[in-house]
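Counting convention: from 1, in listed order, for ligands and their atoms alike. Quick caveat, the model's predicted, so the values are computed rather than measured.
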Amino acid sequence: MIDKAVRPEIRSMTRPRHGGDVWNDLSVKDYSSNINPFGPPSMLGQYISEAAIDLHCYPDDSCTQLKDAIASHYETNVENIIVGAGSSELIRLFAEVFISRGDRVVMPSPTFSEYGFGCNLMGAELIEYTLPREQNFDLNVTDLSNQLSGAKAVYVCNPNNPTGRMTDKNDILRLIEEAARKETLVFLDETLLELSSRSSELSLVSEVENYENLFIIRSFTKSFAMPGIRVGYGFGSKEMINYLEAGRLTWNLGIIEQRVAIRLIEEEQDHVAAAVNMLDEEKLRMHSKVERLMGEVPMPDSYFFFAPLNHLGISSSEFRSAMLRHGVLVRDCSSFGNICSQYTRFCIKTPDKNDEFLDALSRAIDDIGEGRL
Ligand SMILES: Cc1ncc(COP(=O)(O)O)c(C=O)c1O
């Protein structure tokens with residue numbers, strides 16, 4: 001009976017896979033998730049305990065103070081902001097509010113799996129735009145725009161997960177304008193941009209009032225290294241935010257999440273800036289060392305490597321296992337599609353942790369060379 005009762009979209013659904021899966025062995029060193037390498041700010045524990053004093057109350061459903069803090073940080077209006085339990089909630093909400101069964105949705109491939117998951121749940125028809133491998137997976141806005149006819153929405157992740165490639169602001173603006181002409185919504189994910197020194201140059205947050213079809217997500221997860229506390233936020237035109245608010249889950253953010261996020265955005269920007277500077281330096285140092293061990297690897301645009309495994313002659317999942325034997329977790333990219341099964345993804349951290357990574361990499365490569373897989 002239950003098989004008949006379930007929505008057809010759910011029946012065939014498989015859950016998306018992600019990095020950071022350390023729950024089987026918490027001693028493993030996680031390089032598979034891309035978060036601030038300094039960890040959370042040292043005051044986080046105190047912010048949490050101070051936030052916890054009013055837990056007998058329901059949280060503020062409209063998250064007014066948190067929206068004020070975000071608006072003041074980004075110099076935008078509270079009416080342009082929505083907050084969610086992680087940006088993941090907003091990915092889902094956007095699909096629930098705007099995507100109907102049969103809608104065509106254009107999505108680069110490979111990209112972050114939650115977009116497709118949300119759209120599939122709503123019964124959308126996904127149109128894949130394959131990022132050109134021979135051009136380093138750089139998004140070609142003209143090619144993507146050519147696929148927009150009749151599309152309800154197009155998704156762009158900047159920098160893209162898992163490839164790490166960035167797209168210039170003017171190119172994305174061109175896409176938004178073309179999409180507006182075709183009445184297509186643009187979902188732009190900037191959650192990985194915050195730990196990049198190019199964040200303010202590339203961000204389109206200041207443009208949301210100019211484009212009714214644009215929605216942008218960002219998150220506290222990466223900048224403040226706190227995936228365990230779920231806070232994300234989104235920017236859109238007032239009209240778009242009103243519709244998203246209308247469909248949002250009630251009390252989606254708890255009191256702790258709201259209060260901690262306010263403290264972080266108001267008091268811990270130096271923590272983010274220090275990470276951005278260090279990541280830029282470490283990227284250069286790591287790149288030459290990684291290339292020496294793995295063969296040619298593109299210089300990452302962002303703060304994580306998307307490295308081909310062809311020189312090592314093994315698959316993404318075999319490489320993950322080889323690294324795990326030395327206590328290091330990297331991202332098995334095969335869940336991003338066939339094209340990624342010969343790539344691995346790992347993040348850049350502090351100098352000492354990067355040295356630990358390089359040491360494990362060197363030992364794993366010795367194992368592979370000697371057939372110990
Ligand atoms: C590109 C991208 N967007 C969004 C998210 C969701 O992050 P969160 O829900 O923690 O804000 C992730 C998480 O890995 C991500 O990689």
Which option out of F304, F112, Y115 puts a heavy atom nearest to atom 5 (C) of ligand 1?
F112

Short list, please: which atoms of ligand 1 are under 4.0 Å from a heavy atom of S219?
8 (P), 11 (O)

Is there a donor-acceptor pair under 3.5 Å between the side chain of E212 and the backbone N or O of S237?
no

May I ask you to identify the nearest protein heavy atom to atom 3 (N) of ligand 1, giving residue, atom name and distance to one decimal place in Å?
D189 OD2, 2.6 Å

Close aromatic pair by centroid cut-off 6.0 Å: Y31 and F304:
no

Heavy atom of the protein closest to atom 7 (O) of ligand 1 (residue, atom name, distance):
S87 OG, 3.4 Å

Heavy atoms only, cut-off 4.0 Å: how does L192 contact ligand 1, side chain, backbone, both, or neither?
side chain

Nearest-neighbour protein heavy atom for atom 9 (O) of ligand 1, which is reported as residue plus atom name and distance
S88 OG, 2.5 Å

Heavy-atom nearest pair, N252 first then V83, reads ND2-O, 3.0 Å

For the residue pair F319 and F346, is the inter-centroid distance of their aromatic rings smaller than 6.0 Å?
no

Go through ligand 1 atom by atom and flag the ones less than 4.0 Å from a non-hydrogen atom of C157.
1 (C)

N161, any N or O under 3.5 Å of ligand 1 N or O
yes

Part of K222 with heavy atoms under 4.0 Å of ligand 1, whether side chain, backbone, both or neither
side chain

Looking at R230, which atoms of ligand 1 are within less than 4.0 Å of one of its heavy atoms?
8 (P), 9 (O), 10 (O)

Find all atoms of ligand 1 within a distance of less than 4.0 Å from any non-hydrogen atom belonging to G86, and give their numbers and elements.
9 (O), 11 (O)

Here the atoms of ligand 1 under 4.0 Å from any heavy atom belonging to T221 are 8 (P), 10 (O), 11 (O)

Look at atom CG of N338 and say whether more than 12 heavy atoms of other residues, nucleotides or ligands are closer to it than 6.0 Å.
no

E266 side chain reached by H73 side chain, heavy atoms, under 4.5 Å:
no

Salt-bridged, K152 to D103, with N to O below 4.0 Å?
yes

Report the relative orientation of the aromatic rings in Y343 and F137; use parallel for angles under 30°, tilted for 30 to 60°, perpendicular for over 60°.
perpendicular

Contacting atoms of ligand 1, where contact means under 4.0 angstrom from a heavy atom of T191
1 (C), 2 (C), 3 (N), 4 (C)

Report the relative orientation of the aromatic rings in F215 and F187; use parallel for angles under 30°, tilted for 30 to 60°, perpendicular for over 60°.
perpendicular

